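Here the structure comes first, spelled out in structure tokens, and everything after it is commentary.
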Amino acid sequence: MFNENINQLFISAQNEHKAGNLVNAERIYNQILEINQEHPETLQYLGLLYAQQNRFNDAVFYLKKAFDKTLANPIISNNLAEALSRLDRLEEALEYFRKTINLAPNFIQAFLNMALTLAKLGKYNEAFNTYQTVLTISPENPKVFAGLGALMINNKNYPEAIKYFQQAIELNPSSPDNFNNIGIAYKESGNFTNAIKYFQEALRLAPNFLMAYTNLGSLFTQIEDFQQAIICYKNVLSKDPYNENALAGLADIKTKQGKIGEAIDIYIRLLSKNPESYIYHNLFGSLFNEVREIDLAIEHFNQAIKLKPDFIAARYNLATLLEKQGNNDGALIHYNSMMKLDHDNDILKFHTALLSPVIFQSNEEIDYYRDKITRAIDTYLENGLNFDIGKLNYFTSQTFYMMLYHGRDDKNLREKMVRVFEPYFPRLNPQFNSGKKHISFLVTNGHESIFTKSVSGLLNNLDNKKFKYSVICDKFKGNSLIKPHITNQDIEFIDLPSSINDAYEVVKNAKIDVLNFWEIGSDMLNFFLPFYKLAPIQTMSWGLPSTTGNLAIDYYISTKHIEVPEADLFYSEKLHRMNNLPSYYYFPQAPSTLKNREYYNLSEKNNIYFCPQTLLKLHPDFDPVINEILERDPRGLIVFLEDKQ
């Protein structure tokens with residue numbers, strides 16, 4: 001009677017389970033366990049029910065009890081291993097997959113599951129051998145070839161991945177996963193045409209296959225077909241409004257297009273779904289930094305670090321932001337944390353050793369820090385750097401740039417700093433083009449506005465009869481900030497990547513005869529690119545009014561009107577004095593109506609002295625001048641530009 005009652009309850013629970021009535025099934029299974037807490041079938045199916053509900057800890061508990069009662073049941077051990085795998089308890093999962101295979105040597109699904117687990121653990125050779133074992137049991141199993149293809153993608157062996165996925169597709173031409181995965185392999189190998197074809201085939205087989213849509217959107221973003229990428233992402237969002245891959249992809253496009261406000265709106269949605277994402281907080285901080293919302297940027301970088309203290313990218317972003325604000329103590333906290341996490345990073349150590357204030361209080365303070373900088377540079381000149389070009393982004397060139405405003409002869413100090421890095425850059429020996437010479441102007445990201453104001457008139461008055469002219473710049477900033485002001489159709493534009501390796505390739509392949517850097521030392525990219533000697537003649541002009549200290553720069557182009565007779569002594573380049581200023585400004589268009597003093601909260605009683613310069617450019621020697629103006633004019637009021645930093 002006792003067993004009969006359990007059997008009836010078990011049949012009832014099974015019926016509810018099969019019908020999808022999981023709450024009722026769970027209740028009846030628990031009723032059985034109240035009668036017999038070691039009923040193996042109930043333990044097994046209650047474990048499966050919890051796995052269906054993604055309650056994997058509960059699933060493991062009951063499946064382990066079931067397996068202990070039925071030691072020879074490979075189905076239970078396989079299900080238990082799968083639940084453990086979902087909890088990322090991979091070594092335990094592996095143990096139970098092996099037990100399953102020992103119990104059932106031809107259990108193909110257990111082999112496949114074990115191979116996936118081995119791959120997750122990075123044991124690719126063992127995973128490969130496991131798939132090969134399955135082929136001896138089932139030679140035409142498409143899942144094996146798909147698994148082998150995934151392994152090859154992990155190993156970045158894309159030709160082999162494509163070969164295996166093609167075999168999987170031949171055996172199972174109706175699987176959208178196989179078409180999606182071969183699309184990934186083609187995308188990573190650079191064959192975008194085939195990648196698009198296979199992603200689209202995956203979507204034909206499964207129109208709601210959201211991952212295929214996001215993969216296709218990512219590919220279209222990579223080839224800068226943003227219109228098609230946006231269509232893909234919007235297709236996903238119409239079905240899953242908070243799909244993270246689609247939202248992140250869309251935010252990336254908006255960022256690339258310079259639509260920072262729209263990108264921020266998207267990240268607000270992403271963070272509302274996943275407020276604990278340190279990656280989103282870091283990206284959010286970068287966007288706020290881009291639009292100079294400094295306090296919000298700091299808040300989100302701090303939140304990213306709070307969520308993941310070893311997140312180097314967020315620490316670096318926050319450190320460089322604090323450094324630009326002149327908060328070196330705050331910056332050092334994060335630089336020191338980074339050095340503990342990456343203790344062999346000499347470039348970061350060198351950069352940290354050079355830290356100095358943004359605004360100096362006195363000439364004595366300038367001399368103190370210049371002496372500190374000199375000693376740090378001398379140490380690295382003597383001992384060398386443990387150099388990794390992939391970590392160059394940890395050198396912001398902030399100190400090199402700030403030397404401009406010390407009011408000292410920088411030539412010797414700049415040359416020393418250049419010599420620290422010089423041995424690690426292979427200097428090219430470019431030759432002049434045989435035909436028409438190519439003159440190019442290079443401006444890096446963030447410096448387009450002042451470049452346009454200073455140089456657009458010059459570019460608009462050049463013609464291509466004697467020379468070919470180009471501007472090398474960030475594609476999106478170039479489109480929005482430079483091109484609208486260039487009316488000269490003879491000027492070509494070349495897209496400048498943000499990474500130094502990619503930028504090097506682009507500029508080298510442009511085959512330039514004369515390369516003019518708008519600025520050198522105001523950011524990492526324009527500091528390091530000249531080292532390569534990317535043109536037979538490299539020049540700089542007064543984008544930054546100081547010598548570069550880099551012997552790879554042949555000429556500094558200035559004018560006789562602003563150089564003293566002995567000025568050649570202060571340049572490492574050959575100083576070329578033009579008869580005119582090396583720029584061409586258009587007259588600014590005055591607004592139709594001018595705002596009155598009241599708008600700016602300025603009194604009519606004051607005499608206004610306006611100094612339209614950023615605060616970091618104010619030298620301590622200027623302080624007495626300001627003071628004397630105010631002493632001489634009791635009604636005087638000095639007005640400065642508000643500084644975002």
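Computed from a predicted structure; not experimentally measured.
Summarising the geometry of Asp502 relative to Pro497, their closest heavy-atom pair is CB-CB, 3.5 Å, with the distance given to 0.1 Å. Heavy atoms only, all atoms of each residue included: Pro357 and Glu365 are closest at CG-OE2, 3.9 Å. The two residues Ser456 and Thr452 come nearest to each other via the heavy atoms OG-O, 2.7 Å. Of all the heavy atoms in Ile520 and Leu544, the pair that sits closest is O-CD1, 3.3 Å. For the pair Ser583 and Ser454, the tightest heavy-atom approach, listed with the atom from each and the gap, is CB-O, 3.2 Å. Annotation for Leu348 and Asn345: closest pair N-OD1, 3.0 Å, computed over non-hydrogen atoms.
Atom-to-atom distance recorded for Ser499:OG and Met524:CE is 8.0 Å, nearest 0.5 angstrom. We find the CD1-CD1 distance between Ile491 and Ile482 to be 11.5 Å, quoted to the nearest 0.5 Å. With values rounded to the nearest 0.5 angstrom, Glu519 atom CD is found 13.0 Å from Trp542 atom CH2. Residue Leu296 holds its CG atom at 8.5 Å from CD1 of Ile264, rounded to the nearest 0.5 Å. The distance from the OH atom of Tyr469 to the CG atom of Asp463 is 6.5 Å, given to the nearest 0.5 Å. Note: His576 NE2 to Met578 CE = 6.0 Å, rounded to the nearest 0.5 Å.
Checked against the 6.0 Å centroid criterion, the rings of His351 and Tyr335 qualify as a close aromatic pair. Taking the six-membered ring for Trp and the full ring otherwise, Phe531 and Tyr504 have centroids separated by 6.0 Å or more. Taking the six-membered ring where the residue is Trp, the centroids of Phe284 and Phe288 are separated by under 6.0 Å.
For His406, the ring-ring contact (aromatic ring centres under 6.0 Å, His included) criterion is met by Phe360, not counting sequence neighbours. Shown here are the side-chain hydrogen bond (donor to acceptor under 3.5 Å, both in side chains) partners of Asp474, two or more places apart in sequence or in another chain: there are none. Considering only residues two or more places apart in sequence or on other chains, Phe311 meets the ring-ring contact (aromatic ring centres under 6.0 Å, His included) condition with Tyr278.
A salt bridge links Glu290 with Lys477; the closest basic N to acidic carboxylate O contact falls under 4.0 Å. Using a 4.0 Å cut-off between charged side-chain N and carboxylate O, Lys254 and Asp265 make no salt bridge. Under 4.0 Å is where a charged nitrogen must lie from a carboxylate oxygen, and between Lys416 and Asp410 no such pair does. Contact check on Arg427 versus Glu422 returns a salt bridge, with a Lys/Arg side-chain nitrogen under 4.0 Å from an Asp/Glu carboxylate oxygen. Using a 4.0 Å cut-off between charged nitrogen and carboxylate oxygen, Arg577 and Asp568 count as a salt-bridge pair.
In this pair, Phe527 and Phe400 present their aromatic rings perpendicular. The plane angle is above 60°, beyond the 30 to 60° band. Ring orientation note: the planes of Tyr380 and Phe350 are tilted relative to one another, at an angle of 30° to 60°. By the 30° and 60° cut-offs, the orientation of the rings of Tyr280 relative to Tyr267 is tilted.
Side-chain contact between Glu492 and Val471 is absent, with no heavy atoms from C-beta onward closer than 4.5 Å. Counting heavy atoms from C-beta on, the side chains of Asn327 and Val358 never come closer than 4.5 Å. Using a 4.5 Å cut-off on side-chain heavy atoms (C-beta onward), Thr548 and Ser572 make contact. Looking at heavy atoms from C-beta onward, Leu318 lies in side-chain contact with Ile305 at the 4.5 angstrom threshold.
Proximity of a side-chain donor or acceptor of Asn282 to a complementary backbone N or O of Ala304 within less than 3.5 Å is not detected. Between the side chain of Asp252 and the backbone N or O of Ala248 there is no donor-acceptor pair closer than 3.5 Å. In this structure a side-chain-to-backbone donor-acceptor pair under 3.5 Å is missing from Asp342 to Met338. Counting only distance, with no hydrogens or angles, the side chain of His561 and the backbone of Asn579 share a donor-acceptor pair below 3.5 Å. Between the side chain of Lys475 and the main chain of Cys473, no donor-acceptor pair closer than 3.5 Å is present. With hydrogens and angles ignored, the 3.5 Å screen pairs a side-chain donor or acceptor of Asn336 with a backbone N or O of Leu332. Here the side chain of Asn289 pairs no donor or acceptor atom with the backbone of Ala297 at under 3.5 angstrom.
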| task | Would you sort out whether Phe517 and Phe441 count as a ring-ring contact (aromatic ring centres under 6.0 Å, His included), showing the intermediate values? | result | CA-CA 6 Å; Phe517 288 89; Phe441 300 80; over 10 Å; no
| task | For Tyr316 and His334, run ring-ring contact (aromatic ring centres under 6.0 Å, His included): C-alpha distance rounded to whole Å, both residues' side-chain angles, the deciding distance at 0.1 Å, then the answer. | result | CA-CA 7 Å; Tyr316 176 71; His334 299 287; over 10 Å; no
| task | Report the C-alpha distance between His447 and Asn526 in whole Å, list the side-chain angles of each, state the deciding distance to 0.1 Å, and finish with yes or no for side chain to side chain contact (heavy atoms under 4.5 Å, CB included). | result | CA-CA 11 Å; His447 309 290; Asn526 66 37; 4.1 Å; yes
| query | salt bridge (charged side-chain N to carboxylate O under 4.0 Å, His left out) between Asp513 and Lys468: does it pass, once the steps are laid out? | reply | CA-CA 10 Å; Asp513 296 286; Lys468 171 185 174 181; over 6 Å; no
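Using modelled atom types, one finds a donor on one side chain and an acceptor on the other under 3.5 Å when comparing Asp633 with Asn607. A donor atom on one side chain and an acceptor atom on the other are found under 3.5 Å apart for Asp621 and Asn363. In this model, no donor atom of one side chain and acceptor atom of the other lie less than 3.5 Å apart for Glu563 and Tyr556. Side-chain contact annotation: Arg419 with Asn550, donor-acceptor N/O pair under 3.5 Å absent.
Atom CD of Glu566 is surrounded by more than 12 heavy atoms from other residues, nucleotides or ligands within 6.0 Å. Other residues, nucleotides and ligands contribute at most 12 non-hydrogen atoms within 6.0 Å of the OH atom of Tyr368. Summarising the local packing, NZ of Lys436 is surrounded by more than 12 heavy atoms from other residues, nucleotides or ligands at distances under 6.0 Å. Sparse packing is recorded around OH of Tyr555, with 12 or fewer heavy atoms of other residues, nucleotides or ligands lying under 6.0 Å away. Annotation for Lys508: atom NZ counts as buried by contact number, over 12 foreign heavy atoms lying within 6.0 Å. Counting heavy atoms of neighbouring residues, nucleotides and ligands inside a 6.0 Å radius, atom NZ of Lys511 does not exceed 12 of them. At most 12 heavy atoms of other shown residues, nucleotides or ligands fall within 6.0 angstrom of atom OH in Tyr599.
Judged by a 6.0 Å distance limit and a 45° cone about the ring axis, Lys453 is not positioned over the six-membered ring of Tyr585. By the 6.0 Å and 45° rule, Lys372 does not stack over the aromatic ring of Tyr369.
Of the options Glu276, His300, Glu299, a side-chain hydrogen bond (donor to acceptor under 3.5 Å, both in side chains) to His281 is made by His300 and by none of the others. The one candidate from Asp554, Ile472, Ile439 that meets the side-chain contact (heavy atoms from CB on, under 4.5 Å) condition with Leu515 is Ile472.
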